[in-house]
Each structure stands twice: as C-alpha cells, then as structure tokens.
Amino acid sequence: KEGVLIIKDSIKKLETENKINSDNKETLNDRQTFRIDIRIRNNSSIIKSDVINIVLNSIEDLELKVDYDNPKYTIFIDITADLLCMTVLE
C-alpha cells in the first residue's frame, strides 16, 4: 500500500508542477495519460494483473487515461525476487 501512495503522490506532484510551468494552451485533462510497465523476475508468486489492479485502484481518482503509445506518465514497476522498485516517469 505504501508503494502505491508514493506513485499517487509522484503523479500529483508532477501535475502541480505542470500547472505552474505550463505555457501551452492544451488543458491538463487532455494530456493526463499513463501506462504501467511491469517486470517481474525470479518471483512466481506475484501475478502481473494483480499488481496492475492495485495500481489502477490507487490512482482512479486522478482521472488518468491509458495511452500505451505516447503516455504523459509511465509507472514503472520492477519486481526481482522479493525486491520492489517503482518510479513514475514523465
């Protein structure tokens, strides 16, 4: 749960910075897209779809749309054995 809160906070921080620094006339809602990249290695107990659902449930109030080709944000999750690394890329 703590990891998904970090993702949510990271996206909100990036959105706040973009509202302040944005010079273009495109609305933020038009650009709020994301994709989730997950890599799981050496851990057969974790199911990728379960991780996706946890992340989606945690960010559903951000009103982001999925865009696999050109997302504004990429939520990258790498699980190796019992180590979890997450980052939000803009």
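As the structure is a prediction and not an experimental result, all values here were calculated from the model. Hydrogens, waters and symmetry mates play no part in the numbers below; they use all other heavy atoms, side chains included.
With Thr33 contributing its side chain and Lys72 its backbone, the two residues share a donor-acceptor pair below 3.5 Å.
Rounded to the nearest 0.5 angstrom, Lys48 NZ and Asn53 CG are separated by 13.5 Å. The CG atom of Leu89 sits 6.0 Å away from atom OG1 of Thr74, with the distance rounded to the nearest 0.5 Å.
Listed by first then second residue, pairs satisfying salt bridge (charged side-chain N to carboxylate O under 4.0 Å, His left out) with a partner in residues 76-86 read Arg41-Asp78, not counting sequence neighbours.
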Please assess Ile40 against Ile47 for the test side chain to side chain contact (heavy atoms under 4.5 Å, CB included), listing each intermediate value before the final yes or no.
CA-CA 9 Å; Ile40 300 173; Ile47 301 168; over 6 Å; no

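Between Asp37 and Ile77, every side-chain heavy-atom pair lies at or beyond the 4.5 Å cut-off. Using a 4.5 Å heavy-atom threshold, the side chains of Val66 and Ile36 count as separate.
Residues passing the side-chain hydrogen bond (donor to acceptor under 3.5 Å, both in side chains) test with Asn43, sequence neighbours excluded: Ser45. Residues passing the side-chain contact (heavy atoms from CB on, under 4.5 Å) test with Leu83 are Cys85, sequence neighbours excluded. Residues that satisfy the side-chain hydrogen bond (donor to acceptor under 3.5 Å, both in side chains) test with Asp67, not counting sequence neighbours, are absent from this structure.
Listed here is the closest heavy atom pair of Thr80 and Asn42: CG2-ND2, 4.3 Å. Residues Arg35 and Tyr68 approach most closely at NH1-O, 2.9 Å, considering heavy atoms.
Just one of Ile75, Val51, Val55 meets the side-chain contact (heavy atoms from CB on, under 4.5 Å) condition when paired with Ile38; it is Val51.
Taken together through direct or relayed side-chain contacts under 4.5 Å among Ile, Leu, Val, Met, Phe, Trp and Tyr, Phe34 and Phe76 form parts of separate hydrophobic clusters.
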